2 protein chains.
Amino acid sequence: MTAGTRRLPVGERLPTLEDVARVAGVSRATVSRVINGIRNVDPQLHEMVWNAVGQTGYVPNRLARSLVTRRTGTVALVVSDSESHDDDPFMGRFFADPYFGRVVGGLMSVLRAAGIQLALQIVGTEEQRTRLVGDLRHGQADGVIVLSLPGHDPLPRMLTDAGVPAVMIGRPADPVPINYVDLANDTGASLAADHLVGRGCQLVAMISGPVDVPASNDRITGFRRSMARHGHAWVPLVSGNFTQDSGEQAMRALLAEHPAVDGVFVANDLMALGALLALRDAGRHVPDDVAMVGFDDSSAAVAASPALTTVRHPLEDMAAESARLLMARIEDPTMRISSVIYEPTLVLRQSA
Amino acid sequence: MTAGTRRLPVGERLPTLEDVARVAGVSRATVSRVINGIRNVDPQLHEMVWNAVGQTGYVPNRLARSLVTRRTGTVALVVSDSESHDDDPFMGRFFADPYFGRVVGGLMSVLRAAGIQLALQIVGTEEQRTRLVGDLRHGQADGVIVLSLPGHDPLPRMLTDAGVPAVMIGRPADPVPINYVDLANDTGASLAADHLVGRGCQLVAMISGPVDVPASNDRITGFRRSMARHGHAWVPLVSGNFTQDSGEQAMRALLAEHPAVDGVFVANDLMALGALLALRDAGRHVPDDVAMVGFDDSSAAVAASPALTTVRHPLEDMAAESARLLMARIEDPTMRISSVIYEPTLVLRQSA
DNA sequence: GATGACTTGGAGAGCGCTTTCCGAAGTGTT
DNA sequence: AACACTTCGGAAAGCGCTCTCCAAGTCATC
């Protein structure tokens, strides 16, 4: 980074409040008032100021404004992964996953209307985390939406300690007094269990996500509990990492160990897609030989063949809600901490 | 937005440069120099300053710093859609599409290493566009990556006129002197044509994207030209909007009008997925009855059954390259305008 | 016509930082 | 010992904006 005349051709200087004030023949303060619509300014001056704004082509400098108001009109979306480092290929996968896009879409649907921009941040190392929290305390963003990845992440605690308005999507792994929006993952898993047992499956297995992700864990717990209630005290379980590949491998492993399996609950649709492939390779028909229930109801579910019966995860709505929650929290920092839990539903298609 | 003590409990004030200076017993200027590693400061003072930083827990305020340096360490990703308005459902679809995630992933892989954050902006209306450009001229972001959507978008021109460092992903619809990174879409389409004709298809059709998207247009042009060269002066063409649904409908329309179709080039994988469904419904086997080539080589391509033969679109690499290009341009504003065109390749799988 | 209540606009003090300009030391040469 | 040079650190002027004071003006009231 070298110094020097960087932006804009030399001599070209953007009009400032000062310039507008001069043109309008009033003081800086008055222009500021007019522009921010504060207090009753004489209608005549009011008009003169707007004329001057038009003449000069004035646009307020957000940075300067933020410095004094302590408001930036920005919300940070932080993807925190305590295990990942800078060139971790994991992140590539993460962005390609429909999960990310659905979250961003849901957030933007709310933020856009409020004129708030989303700043994407990835933090992996301890240093990045400290730095992020420092920046946030300085009001670099008005608040933050946290997307927590595998592992016990110290970030949620750091954020609450720093008093930064924050909302998590998916509950924190460790109990932390933080706002969050989550899905009743266990209920969703129960729905899958009930359905598989209900259609007469005898040996039902599960392909789960990584065990250190809370959402993944809840799905396992919910599924096991429900299966137990149906008289299946034990269920074969293989875990993957939410990618299609891992789903395929998990299914192969499952088939090898439990050839009689006739029902499987897969903890997300992407893995289910892979599992479907493995079953086809093995010559098993879905749903006749093996019934399958996925999780998420992502676009992959309809794209699959047979189309996946899956647990609907209203991620867009949840993201939108978390944005609203965050905005409310920013507006009123004394707001008490709350969480919103969404109830999943089962979407019936061909696979089970 | 009410006034008042917003951030942070009353009384808690973040340490400033001033505080550090006091603790270290030097002037603000010296602390600034030490922190930014400028000039040779006496090693002893140097250490004292860092100690003071540690003691106070000082973190520089990025906003204040940016105000004077005119550098923000932020790059804006603007999704510009001259036709969309605030509650356009189109945007939801857009984010859910793997395209978006792949771009973000590619950008972040470069930006993250440089410690630059990505600020997501969606602009639809004229007013938003003007405002964005105004903010950018003020240096709200150091530069911008533009993702252009359907239609002839005035944004690229506005950006170059304003002298804002910008790089487009996908060439602009109208000729504008702007840096861009694109794929040789026409070559990709040729690859598909050659392959379909090469395997002996007699009646080859195309399912295209919206005609007002440059990339989509290039694929049509390239395909037609190549088919013509193979003696097929005319190809049936139905256009969709890049969604799976539209692909399914397009395929149905195609089958109704040209029952003898035995080869089809689909302008993206998502639509190909839909087309595959339509073919299955119609009882046509892929690739035996109808051969299909997709475009993008997105995750959908492997997920499909049969897996799609498709034109590989190295979107992540392209996004990464555009980030590098932008960074170079920011560093050296006099850099001459250049574009990088990537060459697509054909990925052979089962569908053709 | 004096008093008080209210409205309106300006001066100016910051927000937290960088950076130019200078004076004060320190170094070396004649 | 006097000179020119270099190095280093401090004072202070901003970056562009908001917002608290405060003075002046307006109007109604007694």
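Note that the structure is predicted; figures quoted are calculated from it, not measured. Atom set for the values below is all heavy atoms of this structure, side chains included, hydrogens, waters and symmetry mates excluded. Below, chains carry the letters A, B, ... as their sequence lines are ordered, and counting in each starts from 1.
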DNA chain D: 5'-proximal contact among A64(B) and G25(B) (nearest heavy atom): G25(B)
Donor-acceptor pairs under 3.5 Å, side chain of residues 61-68 of chain A to any protein atom, not counting sequence neighbours: which ones?
residue : atom : partner : partner atom : Å
N61(A)  : OD1  : L63(A)  : N            : 2.9
N61(A)  : OD1  : A64(A)  : N            : 3.2
R62(A)  : NH1  : D135(B) : OD2          : 3.4
R62(A)  : NH2  : T72(A)  : O            : 3.0
S66(A)  : OG   : R62(A)  : O            : 2.9
S66(A)  : OG   : R71(A)  : O            : 2.9

Starting at CG of L17(B) and ending at C1' of dG16(C), how long is that distance when rounded to a whole Å? 8 Å
For T30(A) and dG9(C), is the shortest distance between a side-chain N/O and OP1 or OP2 below 4.0 Å? no
From the options dC17(C), dT18(D), dT20(C), select the nucleotide whose nearest atom is closest to the side chain of V68(A). dT18(D)
Please confirm whether the shortest side-chain N or O distance from N36(A) to OP1 or OP2 of dT18(D) is below 4.0 Å. yes
So which nucleotide from dC15(C), dA11(D), dC17(C) ends up closest to the side chain of R70(A)? dC15(C)
For A52(A) against A24(A), the heavy-atom pair lying closest together: CB-CB, 3.7 Å
Nearest whole Å is fine: how far is dG10(D) P from M48(B) CE? 10 Å
Using the side-chain heavy atoms of P60(A), tell me which of these nucleotides is nearest: dG9(D), dA12(D), dC17(D). dC17(D)
Would you please confirm or rule out a distance under 4.0 Å between OP1 or OP2 of dG16(C) and any side-chain N or O of R62(B)? no
Ignoring hydrogens and geometry, is there a side-chain-to-backbone donor-acceptor pair from N179(B) to S339(B) under 3.5 Å? no
Tell me whether the side-chain N or O atoms of R28(B) pair up with the base of dG9(D) as donor and acceptor below 3.5 Å, since no angle test is needed here. no
Relative to the 5' end of DNA chain D, which residue comes earlier, L67(B) or V26(B), by the nucleotide with the nearest heavy atom? V26(B)
Can you tell me the distance, in whole Å, between the CD atom of E18(B) and the P atom of dA11(D)? 10 Å
Name every donor-acceptor pair, under 3.5 Å, that has one atom in a side chain of residues 157-174 of chain B and the other anywhere in the protein, sequence neighbours excluded.
residue : atom : partner : partner atom : Å
T160(B) : OG1  : P156(B) : O            : 3.4
T160(B) : OG1  : R157(B) : O            : 2.9
R171(B) : NE   : D218(B) : OD2          : 3.2
R171(B) : NH2  : D218(B) : OD1          : 2.7
R171(B) : NH2  : D218(B) : OD2          : 3.4
D174(B) : OD1  : H152(B) : ND1          : 2.5

Establish, with yes or no, whether the OP1 or OP2 oxygen of dG16(D) is under 4.0 angstrom from a side-chain nitrogen or oxygen of R137(B). no
Considering all heavy atoms of both residues, which atom of A320(A) and which atom of S109(A) are nearest to each other, and what is their separation? CB-OG, 4.0 Å
Taking dT18(D), dT20(C), dC17(D) as options, the one with an atom nearest any side-chain atom of S32(A) is dT18(D)
Over 60° means perpendicular and under 30° means parallel, so classify the ring planes of F100(B) and F95(B), tilted if in between. perpendicular
Among D19(A), V49(A), L17(A), find the one that has a side-chain contact (heavy atoms from CB on, under 4.5 Å) with Y58(A). L17(A)
Protein-nucleotide distance (R33(A), atom CZ; dT8(C), atom C1'), rounded to Å: 8 Å
Axis deviation across the helix from dG1(C)-dC30(D) to dT30(C)-dA1(D), five-pair ends, to the nearest 10°: 50°
Just to be sure I understand the rule, does L45(B) reach a base, reach only the sugar-phosphate, or reach nothing, if contact means heavy atoms closer than 4.0 Å? sugar-phosphate
Could you state the NE2-C1' distance from H46(B) to dG9(D), rounded to the nearest angstrom? 14 Å
Figure out the CG/C1' separation between L63(A) and dC15(D), and round it to whole Å. 10 Å
Hydrogens and angles aside, do Q140(B) and Q121(B) bring a side-chain donor and acceptor to less than 3.5 Å of each other? no
Whole angstroms only, please: what is the CD1-P distance between I35(A) and dC19(D)? 13 Å
Would you say S27(B) reaches dG10(D)'s phosphate, i.e. side-chain N/O to OP1/OP2 under 4.0 Å? yes
Atom pair distance, as rounded to whole Å: CG in D42(B) and P in dG9(D): 5 Å
